Structures are given as structure tokens and as C-alpha cells.
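Here's the structure we're looking at; comments come further down.
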Protein chains: 2
Amino acid sequence: MDSSVRPYSQVYDTLRNVGLRPTRQRLGLARLLFDNGNRHVTAEQLHAEAANANLRVSLATIYNTLNQFTGAGLMREVVVEPGRSYFDTNTSDHHHFFHEDTAELQDIPGDAISVSAVPEPPAGTRVKRVDIIVRIKG
Amino acid sequence: MDSSVRPYSQVYDTLRNVGLRPTRQRLGLARLLFDNGNRHVTAEQLHAEAANANLRVSLATIYNTLNQFTGAGLMREVVVEPGRSYFDTNTSDHHHFFHEDTAELQDIPGDAISVSAVPEPPAGTRVKRVDIIVRIKG
DNA sequence: TTTCTTCTTTAAAATGATTCTAATCTGTTG
DNA sequence: CAACAGATTAGAATCATTTTAAAGAAGAAA
Ligand SMILES: [Mn+2]
Ligand SMILES: [Mn+2]
Ligand SMILES: [Zn+2]
Ligand SMILES: [Zn+2]
């Protein structure tokens, strides 16, 4: 588990497990995303971060990768504002504060909040997910 | 209260009250929006509906009007999908089912669902609104 | 009602996020 | 290594929304 000795091995295996080739770009992005705790990033943010980390990746690849990671269940998409999407490395059951001033997301652990008595979904439908967004301002 | 006698008077007063000139376009859109129970519409949907009702309004005016009505507190914006916004004529405290198949919103009355123990917002912030989206599929 | 001012509407262009295209490159497997 | 499938990328395209700036309509004053 010494990341200085096997720097890429964990994400490498993760990528293999979900059927994605461990390319230089995906490995680099996976490290940025998963090696630093839970993250909520937009494509542009991640692109800037990659550039900053000397990882050359096109914006198209950023989008491809975020969508692939999300499709593979490694991340999830959070929609709070019209116009742009956030991608969340925390795939466990949880909810969010959204800081309207700074446009930042912050986790609310799943057990710190809960919905009482969710009404029956309309006949013929089933609940896929319940999203709670607590919008806050300075 | 006979709408065939005073067809526009209610929305007319509403517009005056919020400081918006009662123009032909705003009056027509307000009738489409408010005279038929609660609605959840996208700009494109309302534009099509207006055309269908023989009301000539540009798409730019649709956007202007939806944003002005929202700013005036006559409607609110609901964000559930990346890429487009829904505008809701129901301004009371309530939440939503979102049908992922049909991309339609359906109200959940405020008293039919509630959040237990919303955690304290981070220091220096206050809660502006809590949005609950119950995502459902056929 | 005429005039004056301010607000509104609109076509068209601009913007911004995201996706697509199609050419080039790279990882994997034999 | 050879061959192929899959991945990356620059740039174009798309789509929702906003902006621009010119023309039109509403309200106030006279
Ligand atoms: Mn997506
Ligand atoms: Mn808006
Ligand atoms: Zn999260
Ligand atoms: Zn609603």
C-alpha cells in the first residue's frame, strides 16, 4: 500500500476491473480524482488540475473519462445548476450542500439526513435515486 | 370572476403588482402558465405551446419572461438534468418526482415528504432552499 | 391625442458546456 | 514484432441560453 513504491497499481487494477484500458490519461486522471479523498469536480476544473499536474489531456478526453468512470460506477453525476455538471467521486449513499456563492458542493453523509415517508412512486415506476440538495448562501 | 368577460384581468393585475408591464406577450404566456393548474415547462415547450395557441412570441421573449416571472417570485426554476431548465408555476413548498424516461416532473406536496434532521449548514451560511428529487423509471 | 420616455420585443449573433467526427496514436494479444 | 481494437485529440458541430442593438409598444405628461 506504499504509493511511492506502486504509484499506479491501485487505479491500474480498478481500470482493468471495469474494462477500461489503463492509458496514461486515465491513470493520471484517476489518481487526481481518487487519491485525494472525495471530490466534486466539473470537467473544466479537472482539465485545469491536470494541466497543473503536468498531465497533458484534451478536454474531450476529460469528458470521455468522466462519463466512462460514471458509467462504470466509479463516480456519479450531480446536477445542481443549469449549464454544467459536477462529477462526484463519492458513490456511497449521501446528499449535498450546495454553496450558491462559490458554486461548490459539500457532502452530507447518508446517515446525517433522511427523507421520511417518500410517497409511493406512480404505478409502473420504481425509485432510482433520491437526491437532496440543501442550497446555502453566505 | 367570469373569465369570458374579463379574460385577462387577473394576470393583468398580477403583472402590475410585480412591476412588469402587461404586454401582449406576457399576458398570453401568463395565461398559458397560470390558468391551467400547476405546470412544469421548459422554454422550448412553452414556445411550442404559444405558437399552438396562436400567440406570436420569440424564443428570446420566452426566456426573458420565464426569468422575469421567476425573479418576481411567480415561478421557480427546477434543475434536474444537465442541459436544460424547468420552470415551475407552483411556488409553494414542495418537491418532485422526475420521470427519467419521459423527462417530466411531477409534484410531491410539501407535507407528503420531509427531511429529518437537516444538518447545520456550515458556519456563516444559511439554508436558502432544500430540493428533493425522487428519480423514477418505468 | 400628441409627445416623450422608458421598457419590451425581436432577429441575429454570441456564448459556453458538451458531444461528435475522423484522423492519428497506443495498448493488448498472438 | 504485427495486427487490431480501442483511445485520444483538434476541431467542428450541437444545443440551450444569453446578449446585442435596433425597432416597437406602453405609460406619463401635457
Ligand atoms: Mn452526461
Ligand atoms: Mn437562469
Ligand atoms: Zn458528494
Ligand atoms: Zn413543482
Side-chain angles (χ1 to χ4, degrees), chain A residues 8-9 11-30 32 40-51 54-72 74-87 103 105, chain B residues 8-9 11-30 32 40-51 54-72 74-87 103 105:
Chain A
Y8 276 92
S9 66
V11 288
Y12 193 97
D13 291 344
T14 302
L15 292 179
R16 300 305 290 270
N17 287 336
V18 300
L20 295 171
R21 287 190 182 168
T23 62
R24 174 179 61 78
Q25 292 86 340
R26 285 181 183 145
L27 288 166
L29 294 176
L32 287 178
H40 302 93
V41 297
T42 63
E44 285 289 357
Q45 279 167 15
L46 184 58
H47 191 224
E49 219 173 291
N54 257 27
L55 174 66
R56 222 155 46 272
V57 196
S58 73
L59 189 53
T61 295
I62 298 278
Y63 277 104
N64 288 340
T65 302
L66 288 172
N67 285 324
Q68 289 153 352
F69 285 7
T70 299
L74 301 177
M75 305 186 73
R76 60 147 134 166
E77 198 172 356
V78 182
V79 183
V80 282
E81 278 192 317
R84 75 180 145 184
S85 277
Y86 288 80
F87 291 86
L105 283 169
Chain B
Y8 277 93
S9 66
V11 288
Y12 192 98
D13 291 345
T14 302
L15 291 179
R16 300 305 290 269
N17 287 338
V18 299
L20 294 171
R21 287 190 184 169
T23 62
R24 175 179 61 78
Q25 291 86 340
R26 285 181 184 144
L27 287 166
L29 294 176
L32 288 177
H40 302 93
V41 298
T42 63
E44 286 288 359
Q45 279 167 15
L46 184 59
H47 191 225
E49 217 173 292
N54 256 27
L55 174 66
R56 221 156 46 271
V57 195
S58 73
L59 189 53
T61 295
I62 298 278
Y63 277 104
N64 288 340
T65 302
L66 287 172
N67 285 324
Q68 289 153 352
F69 285 7
T70 300
L74 302 176
M75 306 186 73
R76 61 148 135 166
E77 197 172 356
V78 182
V79 183
V80 282
E81 278 193 318
R84 76 182 142 184
S85 276
Y86 289 79
F87 292 86
L105 283 169

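Predicted model only: the values in this text are computed from it and were never measured.
- In this structure, B/N64 places its CG atom 12 Å from P of C/dA11, rounding to the nearest Å.
- Here A/Q25 reaches the OP1 or OP2 of D/dT9: one of its side-chain N or O atoms lies under 4.0 Å away.
- Side-chain proximity of A/N67 to C/dT19, C/dT10, D/dG27: nearest is C/dT19.
- B/L15 has its side chain within reach of B/F69: a pair of non-hydrogen atoms, C-beta onward, lies under 4.5 Å apart.
- Of the candidates C/dC20, D/dT17, C/dA17, the closest approach to any side-chain atom of A/A60 belongs to C/dC20.
- Nearest-nucleotide positions on DNA chain D place A/S58 closer to the 5' end than the other of A/S58 and B/G83.
- For D/dA7, the OP1/OP2 oxygens have a side-chain nitrogen or oxygen of A/R26 closer than 4.0 Å.
- The separation between A/R56 atom CZ and C/dT26 atom P is 10 Å, rounded to whole Å.
- At the phosphate of D/dT8, OP1 or OP2 sits under 4.0 Å from a side-chain N or O atom of A/T23.
- Of the listed nucleotides (D/dT18, C/dG27, C/dT9), D/dT18 has the atom at the smallest distance from the side chain of B/Y63.
- Computed from coordinates, the A/Q68 CD to C/dC20 P distance equals 13 Å when rounded to whole Å.
- The B/R21 side chain lies nearest to C/dT6 when the options are C/dT10, C/dT18, C/dT6.
- Nucleotide D/dA7 holds its P atom 14 Å from the CG atom of A/L29, rounded to whole Å.
- In this structure, CD1 of A/I62 is placed 16 Å from P of D/dA7, rounded to the nearest angstrom.
- In this structure, CG of A/L66 is placed 12 Å from C1' of C/dT18, rounded to the nearest angstrom.
- Regarding A/F87, its CZ atom lies at a distance of 11 Å from the C1' atom of C/dA17, rounded to whole Å.
- Using a 4.5 Å heavy-atom threshold, the side chains of A/Q68 and A/R26 count as touching.
- What separates NE2 of A/H47 from P of D/dT9 is a distance of 8 Å, to the nearest Å.
- In this structure, the side chains of B/E44 and B/L59 come closer than 4.5 Å at one or more pairs of heavy atoms.
- Between A/F87 and the options A/L66, A/I62, A/V78, A/T65, a side chain to side chain contact (heavy atoms under 4.5 Å, CB included) holds for only A/L66.
- If B/G19 and B/L59 are placed on DNA chain C by their nearest nucleotide, the residue sitting closer to the 5' end is B/G19.
- Look at A/T61 and you'll find a side-chain N or O under 4.0 angstrom from OP1 or OP2 of D/dT9.
- A/T70 pairs by the side chain to side chain donor-acceptor pair (under 3.5 Å) definition with nothing, not counting sequence neighbours.
- Of the candidates D/dA7, D/dT8, C/dT28, C/dT28 carries the atom nearest the A/R16 side chain, counting heavy atoms from C-beta on.
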